[in-house]
There are 2 protein chains.
Amino acid sequence: MDLVRTSIERYVKLTDPEWAEVEPCWKRYSFAKGEFISHAGRVETRAYIVEHGVQRMYHEHDGNEHCLGFAYGNSWSGDYDSFVGQRPGRFQVQALTESSLVGIERIDLLRLYDRIPAMDRWGRLIVEELIQGRATREIEQLTLPAEERYRRLLKRSPHLMQLVPQKDIASYLRMTPETFSRLRSRVL
Amino acid sequence: MDLVRTSIERYVKLTDPEWAEVEPCWKRYSFAKGEFISHAGRVETRAYIVEHGVQRMYHEHDGNEHCLGFAYGNSWSGDYDSFVGQRPGRFQVQALTESSLVGIERIDLLRLYDRIPAMDRWGRLIVEELIQGRATREIEQLTLPAEERYRRLLKRSPHLMQLVPQKDIASYLRMTPETFSRLRSRVL
DNA sequence: GAGGTCGCTTGATCTGGGTCAAGAACGCTT
DNA sequence: AAGCGTTCTTGACCCAGATCAAGCGACCTC
């Protein structure tokens, strides 16, 4: 669980007694390739940090899948939107590779928020960071042509191309697999 | 400043001594029609609550303006992205009508976060709500055709059509003013 | 109230990317 | 290693929405 403490302490410092209270709340969860971590329509009760593996989050509508993002490294995973709002989720989160996540139940997190002010602050800082990432992505969607978005993604996460199906990257970049395929052969 | 206390207490309760500390941090700011509240490239030092008036937030790129949203009612205004990240802003916020905003300096807000745990929690809840709104908007962008997005906006904020130029609504709905004009005459 | 700017409309034309379709290549499963 | 499903590629065609252009008001300034 060092991963968790490191993750949290990138934002706020915890005393040892505080950590003693935080630590037992986190549990490890394993998912096989293709397995779902969050299901659309269900209220998400856990938030996760990725230990290893890659997951995709997507929205499904009329049989079309719209990929909103990937999780890997030590980032967040799970349907954070449903988790904070405690409303039926509008996204699916699926393991694209065999994955190990470390998760906390909402009820436990709320208790930590009440008992440890640093954790409340940590919650704020995490969401503030999330919102900045969303803004960056929205700007890129608005202003960059498809090819440039692809180049930036390649630069930012070169390994992603090896890890996830191209159709998901195409969807994430807001284009069809056909267009993406043509773009790649053109750019390469 | 009752507006502020009401706004805050929709999320967390404050004791009277706490409010006595919070209240003097907020000041009223007035903007003429067309005036800028936040400028791209500058670090935003204040967060605002709208007392009255309408503002638009937009991103400029190659001379094109992309409207990201409007603020009115008792909602937030200002470049929250730059405010939380304390990085040069990527958005402009402009008063579309004469506006009165109530604002707090970041340094004051941070002090309140340190001294009053309820305020830290309030900061978290505010951003959690923001992020849910963004998710909703992103889903609408992805799944709804232009016409349906227009209908929803009409339904959600019918007064907006009277308050802001149609070109801004067109931009918000991600289409050109020409397309928007044709769509309106078709739908009406 | 004359002139100018800006916003809105309407028409004609163009095009990036989507759709449909078919084949090739890869990687599961048995 | 054979068989099947999924993913990727390539080609032909199509269309929603962008672009270009022109005209009309409404509003503001001088």
Side-chain angles (χ1 to χ4, degrees), chain A residues 31-36 53-56 58-67 70 92 94-99 140-151 153-154 159-188, chain B residues 32-36 54-56 58-67 70 92 94-98 140-151 153-154 160-188:
Chain A
F31 297 89
K33 179 174 179 173
E35 215 176 329
F36 287 95
V54 190
Q55 301 89 46
R56 69 168 174 146
Y58 67 95
H59 177 73
E60 199 166 345
H61 182 83
D62 294 343
N64 291 90
E65 296 180 354
H66 300 272
C67 183
F70 305 96
Q92 310 257 99
Q94 186 184 30
L96 288 174
T97 64
E98 182 277 324
S99 296
E140 290 189 358
Q141 296 287 347
L142 284 174
T143 60
L144 301 179
E147 188 174 320
E148 181 58 22
R149 275 180 272 144
Y150 170 53
R151 286 187 200 279
L153 183 64
L154 261 188
H159 49 299
L160 205 62
M161 292 298 296
Q162 274 55 261
L163 288 174
V164 316
Q166 295 177 17
K167 72 182 176 65
D168 291 322
I169 298 190
S171 170
Y172 176 72
L173 295 173
R174 301 284 167 266
M175 64 185 92
T176 60
E178 292 93 328
T179 298
F180 184 60
S181 171
R182 281 185 255 265
L183 182 144
R184 285 182 68 238
S185 66
R186 208 171 61 230
V187 169
L188 235 225
Chain B
K33 178 175 176 174
E35 216 177 328
F36 287 95
V54 190
Q55 301 88 46
R56 69 168 174 147
Y58 66 95
H59 177 74
E60 199 167 345
H61 183 83
D62 293 344
N64 291 91
E65 296 180 354
H66 300 272
C67 183
F70 304 96
Q92 309 257 100
Q94 185 184 31
L96 288 173
T97 65
E98 182 279 321
E140 290 189 357
Q141 296 287 348
L142 284 173
T143 58
L144 300 180
E147 189 173 319
E148 181 58 22
R149 273 181 274 145
Y150 171 53
R151 285 188 201 280
L153 184 63
L154 261 189
L160 206 61
M161 292 297 296
Q162 274 54 262
L163 289 173
V164 316
Q166 295 178 16
K167 71 183 176 65
D168 291 322
I169 298 191
S171 170
Y172 178 73
L173 295 173
R174 302 284 166 266
M175 63 186 91
T176 60
E178 292 95 328
T179 299
F180 184 60
S181 171
R182 282 185 253 265
L183 181 145
R184 286 182 67 238
S185 66
R186 207 173 61 230
V187 167
L188 234 223

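Chain letters run A, B, ... following the sequence lines, proteins first, then strands; residues in each count from 1. All heavy atoms count here, side chains included; hydrogens, waters and symmetry mates do not.
- Of all non-hydrogen atoms in B/L144 and B/R149, the two that sit nearest each other are O-NE, 3.1 Å.
- Residue-to-nucleotide proximity on DNA chain D shows that, of B/K33 and B/E178, the 5′-proximal contact is made by B/E178.
- Rounding to whole angstrom units, CD of residue A/Q162 and P of C/dC26 are separated by 15 Å.
- What separates NZ of A/K167 from P of C/dG18 is a distance of 16 Å, to the nearest Å.
- Each of B/S181 and A/T179 was assigned the nucleotide of DNA chain C with the nearest heavy atom; the assignment lying further toward the 5' end belongs to B/S181.
- Here C/dG16 presents its P atom at 13 Å from CG of A/L183, a figure rounded to the nearest Å.
- Residue side chain A/R182 reaches the base of C/dT19 through a donor-acceptor N/O pair under 3.5 Å, judged by distance alone.
- Atom CZ of A/R174 and atom P of C/dG16 are 21 Å apart (whole Å).
- Contact detail for A/G53 and A/S99: the closest heavy-atom pair is CA-OG, 3.6 Å.
- The heavy-atom pair separating A/L160 from A/I169 by the smallest distance is O-CD1, 4.2 Å.
- The separation between B/E147 atom CD and D/dG17 atom P is 10 Å, rounded to whole Å.
- Between the C1' atom of D/dG17 and the CD atom of B/Q141 lies a distance of 15 Å, rounded to the nearest Å.
- Of the side-chain N and O atoms in B/T176, one or more sit less than 4.0 angstrom from OP1 or OP2 of D/dA18.
- Checking D/dC8, D/dG17, D/dA18 against the side-chain heavy atoms of A/R184 singles out D/dC8 as nearest.
- Looking at the side chain of B/S185, the nearest of the listed nucleotides C/dT10, D/dC8, C/dC20 is C/dT10.
- Ion pairing between B/R151 and B/E147 holds under the 4.0 Å rule for side-chain N and carboxylate O.
- Contact between B/C67 and B/D168 at its shortest, heavy atoms only, is CB-O, 3.7 Å.
- Computed from coordinates, the B/M175 CE to C/dC8 P distance equals 14 Å when rounded to whole Å.
- For A/R149 and C/dG16, the CZ to P distance is 15 Å, given to the nearest whole Å.
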